[in-house]
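Step one of this worksheet: look at the structure below.
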Number of protein chains: 2
Amino acid sequence: MMARRRSATLEGDTRAIDDAASARLRAAGQRYTSQRRALVALLAGAGSPLPVPAILAAGGGLTQSSAYRNLAVLEQAGVVRRVVTDEGFARYEPGEDLMGHHHHLVCSKCGRVEDVALSADVESQLDRSLDRLARGAGFASVSHRLDLIGICRDCG
Amino acid sequence: MMARRRSATLEGDTRAIDDAASARLRAAGQRYTSQRRALVALLAGAGSPLPVPAILAAGGGLTQSSAYRNLAVLEQAGVVRRVVTDEGFARYEPGEDLMGHHHHLVCSKCGRVEDVALSADVESQLDRSLDRLARGAGFASVSHRLDLIGICRDCG
DNA sequence: CTTCCTGCAAAAGTTTTGCATTAAC
DNA sequence: GTTAATGCAAAACTTTTGCAGGAAG
């Protein structure tokens, strides 16, 4: 079955994500330590962006300060992405090009966050519209962040 | 010239926004004090969402705690909206139905935020797609938040 | 006069930083 | 061996809360 949609990204492939992370950190002059490896594996397997407390609770045995420091390094290397919601704290997920471009369904009651993808044609039409809009406003090299806010099945 | 696009919202009309704010606060059992009036006027005239330090610096003479408390009250009454970016602090703007539905152009270098609107047809097609997507995931009553991230003319 | 709002001060929460120690290359 | 990563503790920062005094209805 080759029905899985083709993609230029590494999607759920943990091994490939690990390799990419290694290469990018090396390129950035950073070491790929076991803590960082564990962080990347945890985020890659999570299916939704994780807040720092959840990362600490996952048992990797890392300190709060190391978590923040390593996440910052991984973010700068383009391996992870910092996701903000209106919860008052940040969440982290693998970078766009590792996970594939996607959006978030956010429950406004419980804060639950789920990954979702837009269909390719809607996404590309949106991209074109946003590009035009941004150019008109003098903004360059535009990406976008689209979140859906609603009530999840458990809270509804 | 009446070329200004028709809209069901109050858009830039400060007087109408003030009246609406008054009505909503009364309906919520809250008073429309001079501080709150000043807050609403400030946000309505700003053209982009303001962080609390900027609100304090605007000279209204209000305290930090009063600013946060009043913004929370105004948010619950549906008069203002709390906007989160990845800056580590929140910004505030007049509520959607007062300002009109719009999005934000965010400069990833300097943090500058500008209001922009999508064309009506792109917006409505997007709405339909997102509704379908959310329903499929079991989410109800969905709104969306779309930000464009790029480099502004001053930073480019 | 009763209720809510305001200011001041302290607390709570997340994230950052300093410094000595340990691990990676 | 040299350089960078880690743990612990303290600090910085945004936001929230307690409480006494003051304004609004």
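Convention: sequence-line order gives letters A, B, ...; per-chain numbering from 1.
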Linked, directly or transitively: A:Leu105 and B:Leu126 (ILVMFWY side chains, under 4.5 Å):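 Result: yes, single cluster for both.
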
Inter- and intrachain pairs under salt bridge (charged side-chain N to carboxylate O under 4.0 Å, His left out), touching residues 49-67 of chain A, at least two apart: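 Qualifying pairs: none.
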
Counting side-chain heavy atoms from CB outward, which of [options] is closest to [X]?
X	options	value
A:Tyr68	C:dT15, D:dT16, C:dA24	C:dT15
B:Gln30	D:dA4, D:dT6, C:dC5	C:dC5
A:Thr63	C:dC5, D:dG7, D:dA5	D:dG7

Between [atom2] on [N] and [atom1] on [X], what's the gap in Å once rounded to a whole number?
X	N	atom1	atom2	value
A:Ile55	C:dT15	CD1	P	10 Å
B:Tyr32	D:dA23	OH	C1'	18 Å
B:Leu74	C:dC5	CG	P	10 Å
A:Arg69	D:dA5	CZ	C1'	8 Å
B:Arg91	D:dT14	CZ	C1'	14 Å
B:Glu87	C:dT15	CD	C1'	15 Å

Heavy atoms only, 4.0 Å cut-off, all strands: where does [X] land among base, sugar-phosphate and nothing?
X	result
A:Ala72	nothing
B:Arg26	nothing
A:Gly29	nothing
B:Thr33	sugar-phosphate
A:Arg36	sugar-phosphate
B:Gln35	sugar-phosphate

A:His103 side chain to A:Leu146 backbone, donor-acceptor under 3.5 Å: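 Checked: pair present.
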
For A:Asp115, salt bridge (charged side-chain N to carboxylate O under 4.0 Å, His left out) partners two or more places apart: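 For A:Asp115, no residue satisfies salt bridge (charged side-chain N to carboxylate O under 4.0 Å, His left out) once neighbours in sequence are set aside.
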
Position toward the 5' end of DNA chain C (nearest nucleotide), B:Asn70 or B:Arg31: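 Whichever sits nearer the 5' end wins; that is B:Arg31.
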
Between A:His101 and A:His144, ring centroids under 6.0 Å: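 Close enough - the centres of the two rings lie under 6.0 Å apart.
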
Presence of donor-acceptor pair under 3.5 Å, side chain of A:Ser65 and base of D:dC8: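 Indeed, a donor on one side and an acceptor on the other fall under 3.5 Å apart.
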
